[in-house]
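Naming convention: chains lettered A, B, ... in sequence-line order (proteins, then strands); numbering from 1 in each chain. These numbers come from the heavy atoms of this one structure, side chains and all, not from hydrogens, waters or symmetry mates.
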2 protein chains.
Amino acid sequence: MSNVQSIERALTILNKLSEYPDGIQIARLTEQVGLTKSTIHRLLSTLVSMNYVVKDEETDKYKLGLQVLFLSRNLLNNSSIVTIAKPYLEKLSQEVNETVHLCIEDHGEVIYIDKIESNQTIRMYSRIGSRAPMYCTGVGKVLLSGAAPEHVDQVISKTDFIPKTPYTITSKEAFLKEIESVKQQGYALDNSENEEVLRCIAAPIYDHKGKIIASFSISGPSNRVTMELINHTLIEKMKQYSIAISRNLGYSGS
Amino acid sequence: MSNVQSIERALTILNKLSEYPDGIQIARLTEQVGLTKSTIHRLLSTLVSMNYVVKDEETDKYKLGLQVLFLSRNLLNNSSIVTIAKPYLEKLSQEVNETVHLCIEDHGEVIYIDKIESNQTIRMYSRIGSRAPMYCTGVGKVLLSGAAPEHVDQVISKTDFIPKTPYTITSKEAFLKEIESVKQQGYALDNSENEEVLRCIAAPIYDHKGKIIASFSISGPSNRVTMELINHTLIEKMKQYSIAISRNLGYSGS
DNA sequence: TTATATGTTCTTTATTATGGAACATCATTC
DNA sequence: GAATGATGTTCCATAATAAAGAACATATAA
């Protein structure tokens with residue numbers, strides 16, 4: 001029941017460090033984490049000794065060590081979704097020449113587990129491992145459209161509907177309605193609801209039981225990914241890929 | 001000076017879990033890690049509460065959680081080597097139609113920080129974040145060829161020269177000689193020294209100070225990556241790419 | 001049913017982590 | 001160049017914390 005304090009603290013520090021790719025000093029960490037210098041120093045020393053953290057001797061800054069990368073090395077390979085979906089997503093990205101993402105839900109958030117970049121010159125910055133809220137992303141809506149009502153309620157109750165753009169859905173009622181319509185349609189849009197200049201279309205991936213276990217999306221600047229293109233081409237394309245990938249996971253529905 | 005015991009133990013468990021992508025039970029972990037059931041249970045509970053570990057309620061198996069992936073999300077993006085080298089490595093991989101790796105040294109080991117797969121049907125299994133010893137890899141030889149003699153000695157003294165194949169270098173003296181000749185040549189081979197069927201050629205990447213900070217390699221089955229191909233084409237090609245990438249990092253040498 | 005293997009919870013104990021203080025190091029300012 | 005301030009590091013007494021055995025719970029197999 002009760003957790004180990006020092007481990008909680010150490011992991012909190014790791015989380016914090018991940019926000020500072022160039023490292024952070026102990027003094028800054030004390031402000032951020034709220035522990036004494038000496039405690040943080042000791043915790044960091046332990047993390048360093050295990051290669052989870054590296055200390056830059058020049059600047060006295062601490063940053064994540066490569067052991068963290070080593071940990072995650074098998075995290076996605078084993079996950080058959082990534083492996084199975086990859087060739088399809090690559091083909092899709094090539095066809096539409098836009099970035100394609102693959103996501104699953106984790107603790108009420110969207111987490112990006114794969115990404116195929118378009119060859120367009122303006123590339124989006126890398127996202128694998130990143131999290132995003134569900135209420136303002138196409139993939140999030142799709143994932144919730146396949147979840148049990150209680151789970152949807154639970155996620156929504158924890159959601160802060162922050163208006164990221166003028167188009168963001170900001171009420172529970174509207175969002176519930178939106179999820180319902182996603183369920184009907186079989187796809188979801190993010191119509192500049194997360195970032196002003198971005199438009200996405202997302203579709204579900206089903207497992208053999210017909211459960212939605214992942215979602216993939218096409219994202220691109222609104223001027224390229226127009227509503228016309230979506231209605232004309234992308235909806236149909238996404239549905240095709242949705243079924244193709246799901247079939248490969250043992251899905252037998254339509 | 002003295003480390004926090006519970007953190008060391010927790011990280012040891014994380015390391016262990018990374019070996020079991022499908023999860024492992026507490027009982028197995030006690031055997032592997034040598035702690036009591038209750039201790040491991042408590043440590044795991046803490047890790048679970050922080051989302052570093054996930055418990056499969058069906059099988060009672062514990063495996064790494066996606067927070068680990070979240071941690072590493074910025075680990076390589078910030079690293080300018082990956083970003084700068086990527087387009088070159090992609091082009092190289094396309095030209096030779098073989099897998100290309102990018103590596104740095106970490107605590108006396110080679111660590112793979114990027115990988116571009118060839119389009120050949122037989123793909124190598126993913127490696128980003130993986131570690132490999134330096135004595136039996138081309139990239140390892142290259143990295144050591146640029147290191148200070150004391151560092152080379154230190155790494156070698158910690159190295160177990162295990163003969164992975166009949167061609168593996170198994171003595172300090174031979175390895176030192178090999179590194180010396182790599183330094184002369186400006187490239188290194190792994191002539192089936194790590195895996196019987198594999199041949200690699202590796203070259204250095206220099207920073208603005210002329211220091212070797214990374215190494216990249218072409219790897220492929222020996223029947224495709226023949227010694228003839230290497231001598232004829234690849235050596236020259238690797239040297240060109242080596243200089244091109246290094247130039248982009250501010251290197252001004254030849 | 002019993003036995004065995006496993007996960008979970010509880011409680012006592014002493015080990016262990018904690019944080020203040022002292023010390024060290026460095027950069028900046030007067 | 002001394003003094004100040006900001007930082008990292010080490011030490012140590014104390015109390016809080018984690019440890020592990022035992023008891024309990026649950027599931028599977030004999």
Notebook entry, point to check: Which whole-number value in Å describes the distance from B/Ile40 CD1 to C/dG7 C1'?
Noted result: 12 Å
Check: Which sits closer to the 5' end of DNA chain D, A/Ile26 or A/Val4, going by the nucleotide each is nearest to?
Finding: A/Ile26
Checklist line | Value in whole Å for how far the C1' atom of C/dT6 lies from CD of B/Glu57 | finding: 14 Å
Next item on the list: State whether B/Gln5 places a side-chain N or O below 4.0 Å from either non-bridging phosphate oxygen (OP1 or OP2) of D/dA19.
Entry: yes
Note to self: Can you confirm whether B/Val54 sits close enough to B/Val48 that some side-chain heavy atom of one is under 4.5 Å from a side-chain heavy atom of the other?
What the structure shows: no
Note to self: If I take atom CG in residue B/Leu44 and atom C1' in nucleotide D/dA18, what distance separates them, rounded to the nearest angstrom?
What the structure shows: 15 Å
Margin query: Just the rounded figure in Å: distance from P of D/dG8 to CG of A/Asp56.
Written below: 12 Å
Next item on the list: Grab the CD-C1' distance between B/Gln25 and D/dT28 for me, whole Å please.
Entry: 12 Å
Next item on the list: Determine, using ring centers only, whether B/Tyr241 and B/Phe216 are less than 6.0 Å apart.
Entry: no
Check: Distance check: side-chain N/O of B/Arg9 vs OP1/OP2 of D/dA19, anything under 4.0 Å?
Finding: yes
Identify the pairs formed between an N or O of the protein and an N or O of nucleotides 20-28 of chain C at a distance under 3.5 Å, and give each distance.
from, atom 1, to, atom 2, distance (Å)
C/dG20, O6, A/Ser38, OG, 3.3

Item checked: Carboxylate-amine/guanidinium proximity below 4.0 Å for B/Asp106 and B/Arg131 -> yes
Check: Within less than 4.0 Å of OP1 or OP2 of D/dA19, is there a side-chain N or O belonging to B/Arg42?
Finding: yes
Next item on the list: Measure the distance from CG on A/Leu43 to P on C/dT16 and round it to the nearest whole Å.
Entry: 16 Å
Item checked: B/Tyr62 side chain near C/dT6 phosphate (N/O to OP1/OP2, under 4.0 Å) -> no
Next item on the list: Considering only NZ, NE, NH1 and NH2 on the basic side and carboxylate oxygens on the acidic side, decide whether B/Asp22 and B/Lys61 come within less than 4.0 Å.
Entry: no
Note to self: Does C/dG7 have OP1 or OP2 under 4.0 Å away from a side-chain N or O of B/His41?
What the structure shows: no
Notebook entry, point to check: Which is it for B/Lys141 and B/Ile169 under the side chain to side chain contact (heavy atoms under 4.5 Å, CB included) test, yes or no, and what are the steps along the way?
Noted result: CA-CA 11 Å; B/Lys141 294 176 189 172; B/Ile169 295 173; 4.2 Å; yes
Note to self: Does a side-chain N or O of B/Thr39 approach OP1 or OP2 of D/dA20 to a distance below 4.0 Å, or not?
What the structure shows: yes
Note to self: Expressed as a whole number of angstroms, how long is the span from A/Leu35:CG to C/dT18:C1'?
What the structure shows: 10 Å
Notebook entry, point to check: B/Arg73 and A/Ser130: which non-hydrogen atoms are nearest, and at how many Å?
Noted result: CD-OG, 3.3 Å
Note to self: For A/Tyr112 and A/His101, take the angle between the two ring planes, folded into 0 to 90°, and tell me which bin it lands in: parallel under 30, tilted 30 to 60, perpendicular over 60.
What the structure shows: perpendicular
Margin query: What is the distance, to the nearest angstrom, from the CD1 atom on A/Ile7 to the C1' atom on C/dT16?
Written below: 13 Å
